[in-house]
Asks: 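Mind having a look at this structure? Questions to follow.
Fair warning: this is a prediction, and the values are worked out from it, not measured in the lab.
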Protein chains: 2
Amino acid sequence: MNAVTTVFRALDDETRRVILDELSARDGQTLFEICSTLSTRHGLSSTRQAISQHLGVLEAAGLVVTEKRGRSKFHYFNPEPLAEIARRWPVGERSPE
Amino acid sequence: MNAVTTVFRALDDETRRVILDELSARDGQTLFEICSTLSTRHGLSSTRQAISQHLGVLEAAGLVVTEKRGRSKFHYFNPEPLAEIARRWPVGERSPE
DNA sequence: TTGATAGGCAAGCAGCTACTTGCCTATAGT
DNA sequence: ACTATAGGCAAGTAGCTGCTTGCCTATCAA
């Protein structure tokens with residue numbers, strides 16, 4: 001599938017946007033940490049599998065990169081795909097170059 | 001529905017992104033003009049109704065604003081919703097403020 | 001080795017999306 | 001008035017999404 005499509009499709013879901021917000025606030029969280037922070041700090045009651053699938057979508061879009069150590073998998077926010085979008089439709093207001 | 005969601009959902013479709021590209025290149029086109037440029041310059045063979053619905057999605061997201069004169073309706077690209085997104089996840093590299 | 005922890009895989013289901021089809025309204029020209 | 005042009009409305013359908021459910025693998029601690 002088109003790479004740009006995967007980025008926008010990943011971001012069209014509120015839960016996934018909250019996950020990105022969470023990771024950009026506290027990077028390197030594991031799946032269970034994300035599950036817990038989502039329910040306690042954001043009032044989202046999703047199952048672990050649902051969150052795992054959301055993370056998969058974000059990772060496929062390149063918005064999240066992961067690192068596996070032992071039995072844990074750490075998730076990091078990667079803003080690069082957003083930068084490409086910003087370059088495609090520059091937002092006027094102030095010129096980027 | 002969430003305003004941010006409508007923006008991303010509008011942009012997760014390649015045809016709609018091409019429409020936006022077209023409008024940002026040549027603003028103020030009518031539905032039939034867009035249909036024709038999409039098929040001749042972008043090789044997309046969508047029906048008029050399909051394009052009309054795509055434009056409806058883009059308009060609902062605020063990415064396209066329209067002006068009706070006579071029996072024609074002119075479409076204009078509005079980058080403002082993209083600016084809001086850029087403000088939500090600033091793209092590092094250079095600080096926006 | 002046994003049990004607990006961290007996470008993955010895959011099938012199934014409900015709801016949504018994109019597209020088509022057919023018909024309708026409104027404006028413009030003659 | 002009649003016809004053509006520009007566009008809208010609505011129903012139906014195929015395919016995709018998000019979520020759940022149930023079970024499986026892998027690592028760590030005792």
Asks: Could I get the full list of salt bridge (Lys or Arg N to Asp or Glu O under 4.0 Å) partners for Asp21(B), not counting sequence neighbours?
Replies: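 For Asp21(B), the residues satisfying salt bridge (Lys or Arg N to Asp or Glu O under 4.0 Å) (neighbours in sequence not counted) are Arg88(A).
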Asks: Check this for me, if you would: do Asp12(B) and Arg16(B) make a salt bridge, where the nitrogen-to-carboxylate-oxygen distance has to be below 4.0 angstrom?
Replies: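 Salt bridge between Asp12(B) and Arg16(B), a charged N being under 4.0 Å from a carboxylate O: yes.
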Asks: Rounded to the nearest angstrom, tell me the gap between atom CZ in Arg9(B) and atom P in dC16(C).
Replies: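 Result: 10 Å.
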Asks: Less than 4.0 Å between a side-chain N and a carboxylate O, is that true for Glu80(A) and Arg87(A)?
Replies: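 A salt bridge links Arg87(A) with Glu80(A).
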Asks: Can you name the nearest heavy-atom pair linking Asn78(A) to Gly62(A), along with the distance?
Replies: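 Here Asn78(A) and Gly62(A) meet closest at ND2-O, 3.0 Å.
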Asks: Could you state the atom-to-atom distance from CD1 of Ile51(A) to C1' of dC9(C) in whole Å?
Replies: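 It works out to 18 Å between those atoms.
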Asks: Starting at the 5' end of DNA chain D, which residue's closest nucleotide do you reach first, Arg69(A) or Asp13(A)?
Replies: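 Comparing both residues, the 5'-ward one is Asp13(A).
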Asks: Can you spot which of Asp13(B), Leu63(B), Thr66(B) makes a side-chain contact (heavy atoms from CB on, under 4.5 Å) with Leu58(B)?
Replies: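 The passing option is Leu63(B).
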Asks: Between Thr47(B) and dC19(C), is there a contact of a side-chain N or O with OP1 or OP2 at under 4.0 Å?
Replies: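 False: Thr47(B) side-chain N/O out of range (4.0 Å or more) of dC19(C) OP1/OP2.
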Asks: Considering only NZ, NE, NH1 and NH2 on the basic side and carboxylate oxygens on the acidic side, decide whether Glu22(B) and Arg41(B) come within less than 4.0 Å.
Replies: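 Salt bridge present between Glu22(B) and Arg41(B).
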Asks: Could you run down nucleotides 1-8 of chain D 5' to 3' and tag each one B, S or - for protein heavy-atom contact under 4.0 Å?
Replies: ---BBSBB
Asks: Whole-Å distance between dT17(D) P and Phe8(A) CZ?
Replies: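 After rounding, the gap between these two atoms is 16 Å.
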Asks: Any side-chain heavy atom of His54(A) sitting closer than 4.5 Å to one from Ile34(A)?
Replies: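 Result no, sub-4.5 Å side-chain heavy-atom pair not found.
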Asks: Could you give the CD-to-P distance, from Gln53(A) to dC16(D), as a whole number of Å?
Replies: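 Taking atom P of dC16(D) as the reference, CD of Gln53(A) is at 17 Å.
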Asks: His54(A) side chain N/O closer than 4.0 Å to the phosphate oxygens (OP1, OP2) of dT17(D)?
Replies: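 No, outside the criterion.
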Asks: Starting from the 5' end of DNA chain D, give me the residue, Gly70(A) or Ser45(A), whose nearest nucleotide shows up first.
Replies: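 First, find each residue's nearest nucleotide; the 5'-ward one identifies Ser45(A).
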Asks: Rounded to whole angstroms, how far apart are CD on Glu14(B) and C1' on dA18(C)?
Replies: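 In whole Å, dA18(C) C1' and Glu14(B) CD are 15 Å from each other.
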Asks: Could you give the CG-to-P distance, from Leu55(B) to dT17(C), as a whole number of Å?
Replies: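 Distance check: Leu55(B) CG to dT17(C) P gives 17 Å.
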Asks: Roughly how many Å is it from CG in Asp12(B) to C1' in dG18(D), rounded to a whole number?
Replies: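 Atom CG in Asp12(B) sits about 14 Å away from atom C1' in dG18(D).
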Asks: Looking for any heavy atom pair under 4.0 Å, which part of the strands does Arg16(B) touch: base, sugar-phosphate only, or nothing?
Replies: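 Touches sugar-phosphate only.
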